[in-house]
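Read the structure below first, then the notes.
Everything numeric here is computed off the predicted structure, so don't read it as measured data. Throughout, a chain's letter reflects where its sequence line sits, starting with A, and its residues are numbered from 1.
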2 protein chains.
Amino acid sequence: MAATTHLTPLVHPERDEMTVEAVLRALADPVRLAIVRQLARSEAEVSCGGLEVPVTKSTLTHHLGILRAAGVIAGRQDGTTRFNSLRRNDLDELFPGLLDGVLAARR
Amino acid sequence: MAATTHLTPLVHPERDEMTVEAVLRALADPVRLAIVRQLARSEAEVSCGGLEVPVTKSTLTHHLGILRAAGVIAGRQDGTTRFNSLRRNDLDELFPGLLDGVLAARR
DNA sequence: GTCGTAGTTCGATGGCGACCGTACACGGCG
DNA sequence: CGCCGTGTACGGTCGCCATCGAACTACGAC
């Protein structure tokens, strides 16, 4: 009983639960910004291992959690791999131009 | 000689010295976000004392310094009062849509 | 000159968050 | 079954930053 899978149920905020503050705080870190840029570049989903970041796996998990909690990315579980994607639609709806402005920045 | 005025010469970054990271970090604080919103609302310049923020003067100085160093605001000295304004043009040029997206957020 | 007002600078403190290593839970494959 | 490979959870450390109070400078008015 209780299907012992205590893998976090992977909860994401609804649109109206997202705040610009949380999004800005999520984007205001070089590692997380790199993650967002990679997700934006490759239009498809990217597994955690497919992300190139200069931190260990546990730290990566930490960053992905923050991005997910802010509503910046969505995660989908498939077997043992977790696929991540940008929540472009929701971000553009709530904060039109914000994501594009960030991505437009020269590296 | 040396015109003893050691009031900080109020240096601002040029456009090509501004980074999206610094801007995001500057915006990712509730107090600073409130400052930016107030500057955006009142199209004119606002003195430090005219800003409504829930912190002491010294902390306000600290926040204005960060916003200025990131290139988000400009400061102009006039007597003992310091007038602040949003660098809309520069921000829109470098990160088109970013500022508008932030300001579009529901409070 | 003497206030009062506007804002900065300095030093100290407290809390949050980025980071790591280790241990653990799953799922797939032999 | 045992073993990898993927990723999470936990505990701990360390550094940065938001915050404050107090002392200070600068300007204007009286």
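B:N84 places a side-chain N or O within donor-acceptor distance of the main-chain N or O of B:V46, the cut-off being under 3.5 Å. Not a single donor-acceptor pair under 3.5 Å links the side chain of A:R15 to the backbone N or O of A:G71.
Interface residues of residues 51-67 of chain B facing DNA chain C, ordered by number: B:K57, B:S58, B:T61; criterion, heavy-atom separation under 4.0 Å. Residues of residues 20-46 of chain B that place a heavy atom closer than 4.0 Å to DNA chain C do not occur.
We find that CG of A:D78 is positioned 14 Å from P of D:dT8, with the value rounded to whole Å. Rounding to whole angstrom units, CZ of residue B:R76 and P of C:dA6 are separated by 16 Å. For the pair B:R68 CZ and C:dG7 C1', the interatomic distance rounds to 11 Å; values are reported in whole Å.
Between B:H12 and B:I73, the shortest heavy-atom distance links the atoms CD2-O, 3.7 Å. When all heavy atoms of A:R76 and A:E45 are compared, the pair lying nearest together is NH2-OE1, 2.7 Å.
Proximity of A:L99 to A:V36: side-chain heavy atoms (C-beta onward) are separated by under 4.5 Å at one or more points. Within the 4.5 Å cutoff, the side chain of B:T59 has no heavy atoms near those of the B:V31 side chain.
The CG atom of A:L24 sits 11.0 Å away from the CZ atom of B:R32 when rounded to the nearest 0.5 Å.
Between D:dT6 and A:R82, no contact under 4.0 Å exists linking OP1 or OP2 to a side-chain N or O.
At most 12 non-hydrogen atoms from other residues, nucleotides or ligands lie less than 6.0 angstrom from CD of B:E52.
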